[in-house]
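Reckoned from all heavy atoms, side chains included, excluding hydrogens, waters and symmetry mates. Quick caveat, the model's predicted, so the values are computed rather than measured.
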Amino acid sequence: MNQGKVRVRFAPSPTGPLHIGGVRTALFNYLFARKNKGDFILRIEDTDRTRFVPGAEAYISEALQWCGITVDEGVNAGGPCAPYRQSERKEIYRQYALSLVESGNAYYAFDSSDELERVRSDFKGGGLTFTYNAENRMAMKNSLSLGENEVEKLIGQDAPFVIRFKMPEDITVSETDLIRGDVSFDSKRLDDKILFKSDGMPTYHMANVVDDHLMKITHVIRGEEWLPSLPLHVLLYEKLGFEKPQFAHLPLILKPVGKGKLSKRDGEKMGFPVFPLQWTDPKTGEVSKGYREEGYFPGAFINMLALLGWNPGTEQEIFSMEELIAAFELERVGKSGSRFDPEKARWFNHQYMLKKDVNEVAGMFAVFLKQKGIVAEMDYISKVVGMVKERAVFVHEIWEQGHYFFEAPGEYNEKDVKKRWKEGVPEKMQDIHAFLSGYQGEWKASLVKEAFSEFVNSKAWGFGVVMNALRICLVGAAMGPDLFEICEMIGRAETLQRIENGIQNINRN
């Protein structure tokens, strides 16, 4: 087990957009590193060139940056273990793969794709599944079954080959997982995995172990899907003479309904993102939603992810990044999968909206307004935001809750009109228009409200009737904060104009 400074890594493959499960893996590594005053490393594992997707690597870096997960060493940050992109390290892996062959722990395999397919087909015809392992390896075309001269001849002729790990026969591989406790694997159930491919690139298994050793990784914190690879990795550490890190395998993020791992299809069906940022497929042009573009605050997104699989042991649900770092313990990560709840994600964003400074939200909303061609004073925008943000989950919803502060109603809610615009209401609105036109006092909400109340009482009108109708004139629907606060905000002239518009246009409906 490595001693000394904690060093962890997040090692995604650039094969497409980063799934929120991957973001959570990065987050837990980051929290663990910061909690233990260690280093967080970003390594790009791009050894599978057939699955490489242009733009995916840049997407990964941008996503981590948006989430507030800062990298100590990595593809853009640099560092003493550079390069951090595996495609730039392939010569390093070759020497270790060859050393395993020399020590008798790996071997050359010359089987072509067609030959392997024929063997698989023959096994399938007999109702069996072919596995390249101790039981079958001697019947295949490799340096264990062929004579030494023939092997040398094939290598001399530059015959394509892969290097396979020679899985020991009939042993139990045991390891302690920091989340799952002791885990054991029977080597009879394991195959001779390819370590080095014919294209000169290592497989994930080889590159992963070598890089973790050379980069002095002390803790490997990764997804549950890598648990079946653990015995091979443990044996590779042993056969290469490397000191092992400690391992922790995180639980899956599950579908909101049904069984299984959360997928892009689940998001498409239920209308929520499964990626941190919007992603456009470079081949098809298909656009997938992102949490950033949907209006989520990065802190809310991270807070939500942290509580998928990790339990702080208290009732606290809202955490800043600093609080997450202070509270995080790997021992409090559960073994079983956590069901994703899109409504809970919205709840987190709403909590962050409520906690955010009004001026900060106003700055974000000002950008939204500018995109709509609306320019207003920041003081005015801040007042609007302060009045309606508690009803909004996202910044863009502030428009839905308070658009009438910036533009007069263009239409009126049919249901509200039917319910509130009763017989005699237009005449009452005419009287209110006349009263407000002649009002001489200061145009402040409290003063206008007081004078208006006296006027309505003098007419012996029901407040409910006139207030709801007046709100429809000013807002376009039966919604919004205090009516006289709205009047003060939009001003006397605009208030009177909207009442006049309401009388004329609602009567036509």
Side-chain angles (χ1 to χ4, degrees), residues 6 8-12 18-42 60 62-72 177-180 219-225 248-256 261-262 267 272-277 290-292 294-356 393-394:
V6 164
V8 299
R9 50 58 166 186
F10 176 53
L18 186 62
H19 187 278
I20 62 171
V23 180
R24 190 194 60 174
T25 298
L27 174 64
F28 283 11
N29 273 279
Y30 176 78
L31 296 176
F32 184 78
R34 292 291 177 267
K35 175 70 178 281
N36 293 284
K37 297 180 170 51
D39 295 326
F40 173 73
I41 296 155
L42 173 63
I60 291 164
E62 189 180 349
L64 295 183
Q65 189 176 15
W66 178 70
C67 291
I69 299 174
T70 54
V71 174
D72 298 307
D177 186 287
L178 293 172
I179 293 171
R180 296 159 195 283
H219 297 76
V220 172
I221 304 167
R222 59 191 181 186
E224 180 184 303
E225 61 269 26
H249 289 86
L250 306 174
L252 295 174
I253 297 179
L254 304 175
K255 300 169 181 286
K261 183 179 175 181
L262 178 69
F272 62 85
V274 295
F275 304 128
L277 316 179
Y291 278 85
R292 181 179 66 182
E294 288 292 294
Y296 282 83
F297 300 118
F301 174 66
I302 284 298
N303 197 157
M304 175 270 293
L305 276 186
L307 293 174
L308 281 174
W310 171 72
N311 183 341
T314 65
E315 295 300 310
Q316 184 177 350
E317 286 191 279
I318 304 301
F319 290 83
S320 65
M321 185 70 90
E322 291 71 27
E323 288 172 325
L324 286 173
I325 290 166
F328 188 75
E329 299 284 349
L330 268 178
E331 291 73 16
R332 299 205 69 86
V333 176
K335 298 176 189 177
S336 56
S338 294
R339 197 171 296 284
F340 178 77
D341 182 353
E343 284 307 310
K344 190 71 173 179
R346 288 175 55 85
W347 179 85
F348 273 108
N349 212 67
H350 187 230
Q351 297 307 305
Y352 271 70
M353 175 71 84
L354 295 176
K355 286 166 67 74
K356 277 200 175 290
V393 173
F394 305 108

So, [X] side chain and [Y] main chain: donor-acceptor pair closer than 3.5 Å or not?
{"X": "N349", "Y": "A300", "answer": "no"}
{"X": "K255", "Y": "L262", "answer": "no"}
{"X": "Q316", "Y": "I318", "answer": "yes"}
{"X": "N29", "Y": "V8", "answer": "no"}
{"X": "N36", "Y": "G38", "answer": "no"}

Assess whether side chain to side chain contact (heavy atoms under 4.5 Å, CB included) is satisfied between L250 and F28, documenting all intermediate values. CA-CA 9 Å; L250 306 174; F28 283 11; 3.6 Å; yes
If you draw the axis of the six-membered ring of F297, does the NZ or CZ of K356 fall within 45° of it and under 6.0 Å from the ring centre? yes
Taking the side chain as every heavy atom from C-beta outward, state whether [X] and [Y] have any atom pair closer than 4.5 Å.
{"X": "L277", "Y": "W66", "answer": "yes"}
{"X": "E225", "Y": "L252", "answer": "yes"}
{"X": "L64", "Y": "T70", "answer": "no"}
{"X": "V6", "Y": "D39", "answer": "no"}
{"X": "L308", "Y": "P251", "answer": "no"}
{"X": "S338", "Y": "I253", "answer": "no"}
{"X": "Y30", "Y": "F10", "answer": "no"}
{"X": "R292", "Y": "E62", "answer": "yes"}

Salt-bridged, E294 to R346, with N to O below 4.0 Å? no
Is the shortest distance from a Lys or Arg side-chain nitrogen in K35 or E329 to a carboxylate oxygen in the other one below 4.0 Å? yes
Under the criterion ring-ring contact (aromatic ring centres under 6.0 Å, His included), which of Y296, Y291, F275 is the partner of F301? Y291
I need the minimum non-hydrogen distance between [X] and [Y], along with the two atoms involved.
{"X": "L18", "Y": "P276", "value": "O-CD, 2.8 Å"}
{"X": "F340", "Y": "A345", "value": "CZ-CB, 4.4 Å"}
{"X": "R9", "Y": "V220", "value": "NH2-CG1, 3.6 Å"}
{"X": "L42", "Y": "P12", "value": "CD1-CD, 3.9 Å"}
{"X": "C67", "Y": "I302", "value": "O-CG1, 3.5 Å"}
{"X": "A248", "Y": "L330", "value": "CB-CD1, 4.1 Å"}

Yes or no on ring pair (Phe, Tyr, Trp, His ring centres under 6.0 Å) for F32 and F40, after CA distance, side-chain angles and deciding distance? CA-CA 9 Å; F32 184 78; F40 173 73; over 10 Å; no
Could you tell me whether W310 and F328 have their ring centroids closer than 6.0 angstrom?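 That pair passes the under 6.0 Å test.
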Decide yes or no on side chain to side chain donor-acceptor pair (under 3.5 Å) for H249 and R222, but give the supporting numbers first. CA-CA 5 Å; H249 289 86; R222 59 191 181 186; 3.0 Å; yes
Step by step, work out the salt bridge (Lys or Arg N to Asp or Glu O under 4.0 Å) result for D72 and R34. CA-CA 11 Å; D72 298 307; R34 292 291 177 267; 2.9 Å; yes
Yes or no on side chain to side chain contact (heavy atoms under 4.5 Å, CB included) for V71 and Q65, after CA distance, side-chain angles and deciding distance? CA-CA 9 Å; V71 174; Q65 189 176 15; over 6 Å; no
Strictly by salt bridge (charged side-chain N to carboxylate O under 4.0 Å, His left out), give each pair with a member in residues 315-325 just once, sequence neighbours left out.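 Counting only pairs at least two positions apart or across chains, the salt bridge (charged side-chain N to carboxylate O under 4.0 Å, His left out) contacts touching residues 315-325 are E317-K344.
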May I ask you to check whether over 12 heavy atoms, not counting those of K261, lie within 6.0 Å of atom NZ? no
